[in-house]
Amino acid sequence: MFKNPFNDKVRLGGCSCGKHHSQADHDAAQERLDDEAALNRAVESAVVRALFPVDADRRNFIRAVGAGTALAAIGTLFPLDAVKAIAAEKGPLEKKDLKIGFVPITCSTPLIMAHPMGFYSREGLNAQVIKTAGWALVRDKVLNKEYDASHMLSPMPIASSLGLGSRPDPTYVATIQNINGQAITLHVKHKDKRHDPSLWKGMKFAVPFDYSMHNLLLRYYLAEHGVDPDKDVQISVVPPPEMVANLRAGNLDGYLGPEPFNQRAVYEGVGFIHVLSKDLWEGHPCCAFGVTGKFVQENPNTFAALFRAIASATAYAHKPENRKEIVKAIAPAAYLNQPEIVLEQVMTGRYADGLGNIVNAPERADFDPFPWNSMAVWILTQMKRWGYIKGDVNYKQVAEQIFLATDARKRLTEMGLPAPKTNYTKHTVMGKVFDPDKPDAYLKSFKIRRT
């Protein structure tokens with residue numbers, strides 16, 4: 001109030017436009033406007049595509065009359081404003097108070113950050129995010145309806161739906177939480193073995209859960225180097241927060257684990273990063289946002305709101321310029337309970353590898369919500385490869401029932417977010433192309449397998 005009101009360099013308001021109490025309020029208001037604009041744009045795009053099935057006709061029309069005249073002309077033929085209003089309406093939430101489980105790793109970033117950064121509350125949800133010790137406990141709490149939804153390893157809904165390790169209960173992947181974001185970390189005493197994994201026979205490794213990308217990728221990596229993961233090494237399940245301590249104690253020689261525990265091993269001087277998982281499969285899925293079929297059926301509007309919150313948070317986390325802000329939101333004890341310097345190295349991709357090098361890998365951890373059906377087919381081939389699934393598998397049928405790609409595309413498009421036009425694509429894993437149309441041939445191509 002005591003600033004000079006006649007100095008044009010002085011800001012009298014609390015934000016950049018001077019209309020809000022603080023810059024945070026300004027940013028929140030802008031995000032609401034951005035969301036509304038995205039929804040309006042999606043409506044306009046759908047109407048114009050319907051009026052002009054041939055895109056060349058649309059472009060010629062706009063060139064001839066101009067964008068403003070085109071919008072006004074279409075508005076006389078079609079009630080755009082009314083449709084936008086209907087699209088913006090959201091059905092009443094069947095359930096506002098939600099319990100959402102998470103394991104404290106960076107893979108759960110969108111689900112965690114949606115709490116302190118207001119993505120849940122913006123959708124009218126009173127979500128409680130609950131730190132959970134391990135994946136078996138997460139699975140059981142979801143199946144027992146103690147959690148409404150949870151951060152899950154992407155193979156977990158497949159295992160739950162097929163009754164692997166528990167009673168069968170249809171569980172869906174609504175979105176992928178993150179892509180990449182894992183690494184193989186070895187104890188510092190094994191620096192001399194880093195160039196030849198065939199020397200790893202007899203070593204002890206850990207993964208966070210049997211039904212995890214960590215386990216499947218570690219097995220794949222070992223087998224590609226002639227090491228049988230069931231006969232030549234020991235692989236045990238260790239909760240991620242306990243991996244560094246077990247490495248320090250000598251109980252483990254290494255692990256393929258989630259972040260930030262690879263970087264934390266470097267930070268504490270007990271391990272080095274052997275290889276990032278993105279260098280095995282660029283863009284691989286890691287964790288997912290999972291819900292049971294019963295929850296979706298009983299709470300369709302709540303599920304839609306939850307999807308919007310998580311998808312919006314995932315899109316926000318995807319942008320590198322937002323990563324440092326996100327680190328501050330997820331570092332506290334209630335969430336990841338990690339030093340910010342460790343999380344920054346993971347989230348920005350500029351990190352110390354424990355071998356004296358500073359590495360720049362911007363895609364070390366990334367976020368993309370689309371649950372490709374082809375990813376699910378790859379997971380199924382590897383679960384069958386190692387004997388987790390017995391008998392014949394209708395790969396695409398299972399994938400399409402559990403990974404809700406078509407539903408995700410519809411919801412992402414409605415939100416104005418990008419989504420692939422197809423549910424299947426080819427993936428390259430350690431230089432080998434996986435064709436989801438030929439899963440059996442892919443499975444039979446491996447020398448080391450249980451089938």
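For the salt bridge (Lys or Arg N to Asp or Glu O under 4.0 Å) criterion with D407, the lone passing option out of R411, K410, R409 is R411. For the side-chain contact (heavy atoms from CB on, under 4.5 Å) test with V227, the passing option among M203, K201, R219 is K201; the others fail.
S198 places no side-chain N or O within donor-acceptor distance of the main-chain N or O of G226, the cut-off being under 3.5 Å. No donor-acceptor distance shorter than 3.5 angstrom exists from the side chain of R350 to the backbone of A361, with no hydrogens or angles considered. When atom types are taken as modelled, the side chain of S161 and the backbone of T171 share a donor-acceptor pair closer than 3.5 angstrom. The backbone N or O of L111 lies less than 3.5 Å from a partner atom in the side chain of Y120, making a donor-acceptor pair. D353 contributes a side-chain N or O that, together with a main-chain N or O of L355, makes up a donor-acceptor pair within less than 3.5 Å. Without hydrogens or angle criteria, S160 side chain to D169 main chain gives no donor-acceptor distance under 3.5 Å. No donor-acceptor distance shorter than 3.5 angstrom exists from the side chain of N215 to the backbone of V207, with no hydrogens or angles considered. Side chain of N178 to main chain of N180: a donor-acceptor pair is present (N/O by atom type, distance under 3.5 Å, no hydrogens or angles). Remark: the backbone N or O of Y316 is paired with a side-chain donor or acceptor of N322 at under 3.5 angstrom. S236 places no side-chain N or O within 3.5 Å of a backbone atom of Q234 that could act as its donor or acceptor partner.
In this structure, F370 and W372 have perpendicular ring planes: the angle between them is above 60°, well past the 30° mark. Taking the six-membered ring where the residue is Trp, W200 and F205 present tilted rings, their angle falling between 30° and 60°. Using bins of under 30°, 30° to 60° and over 60° for the plane-to-plane angle, the ring pair Y221/H225 lands in the tilted bin.
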Ignoring hydrogens and angles, write down the donor-acceptor pairs under 3.5 Å from the side chains of residues 186-194, residues two or more places apart or on other chains.
from, atom 1, to, atom 2, distance (Å)
H187, ND1, K189, N, 3.1
H190, NE2, D253, OD1, 2.8
R194, NH1, K191, O, 2.6

Indicate every side-chain donor-acceptor pair of residues 439-451 with a distance under 3.5 Å to a residue at least two apart or in another chain.
from, atom 1, to, atom 2, distance (Å)
D440, OD1, Y395, OH, 3.4
Y442, OH, Y220, OH, 3.4
Y442, OH, W378, NE1, 3.0
S445, OG, K432, NZ, 2.5
S445, OG, Y442, O, 2.5
R449, NE, T451, O, 3.0
R449, NH1, K444, O, 3.2
R449, NH1, F446, O, 2.5
R450, NH1, D228, OD1, 3.2
R450, NH1, D230, OD2, 2.6
R450, NH2, D228, OD2, 2.8

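More than 12 heavy atoms of other residues, nucleotides or ligands sit less than 6.0 Å from atom NZ of K131. Atom NZ of K145 is surrounded by more than 12 heavy atoms from other residues, nucleotides or ligands within 6.0 Å. In I341, the CD1 atom is not crowded: 12 or fewer heavy atoms of neighbouring residues, nucleotides or ligands sit closer than 6.0 Å. Enclosure of atom CG in N394 by more than 12 non-hydrogen atoms of other residues, nucleotides or ligands within 6.0 angstrom is indicated.
Here the CG-CE distance, from L216 to M383, works out to 7.0 Å after rounding to the nearest 0.5 Å. Distance check: L217 CG to W281 CH2 gives 7.5 Å after rounding to the nearest 0.5 Å. Considering OG1 of T348 and NZ of K324, their distance stands at 7.0 Å, rounded to 0.5 Å. How far OG of S277 is from NE2 of H284: 3.0 Å, rounded to the nearest 0.5 Å. Note: L125 CG to L306 CG = 6.0 Å, rounded to the nearest 0.5 Å. From D366, atom CG reaches atom OG1 of T109 across 11.0 Å, with rounding to the nearest 0.5 Å.
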Verdict with reasoning, R323 to L343, per side-chain contact (heavy atoms from CB on, under 4.5 Å): CA-CA 9 Å; R323 298 289 176 83; L343 295 179; over 6 Å; no
side-chain contact (heavy atoms from CB on, under 4.5 Å) between V142 and T292: does it pass, once the steps are laid out? CA-CA 8 Å; V142 170; T292 63; 3.5 Å; yes
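Taking 4.0 Å as the cut-off between side-chain N and carboxylate O, E123 and R308 count as a salt-bridged pair. Electrostatic pairing of D279 and R364 does not count as a salt bridge here, judged by no charged N lying under 4.0 Å from a carboxylate O.
Considering only heavy atoms from C-beta on, L256 comes within 4.5 Å of Q182 through its side chain.
For E94, there are no salt bridge (charged side-chain N to carboxylate O under 4.0 Å, His left out) partners two or more places apart in sequence or in a different chain. A search for ring-ring contact (aromatic ring centres under 6.0 Å, His included) contacts involving H214 returns nothing, not counting sequence neighbours. In this view, D437 and K396 satisfy the salt bridge (charged side-chain N to carboxylate O under 4.0 Å, His left out) rule, not counting sequence neighbours. Applying the salt bridge (charged side-chain N to carboxylate O under 4.0 Å, His left out) rule to E340 yields the partners K328; only residues at least two apart in sequence or on another chain are considered.
The closest side-chain donor-acceptor pair between N262 and Y351, if any, does not fall under 3.5 angstrom. Under 3.5 Å, the side chains of Y424 and E400 contain a donor-acceptor pair of N or O atoms.
V138 approaches M156 most closely through the heavy-atom pair CG1-CE, 4.3 Å.
At least one test fails for R264 against the ring of F261: distance under 6.0 Å to the centre or angle within 45° of the axis.
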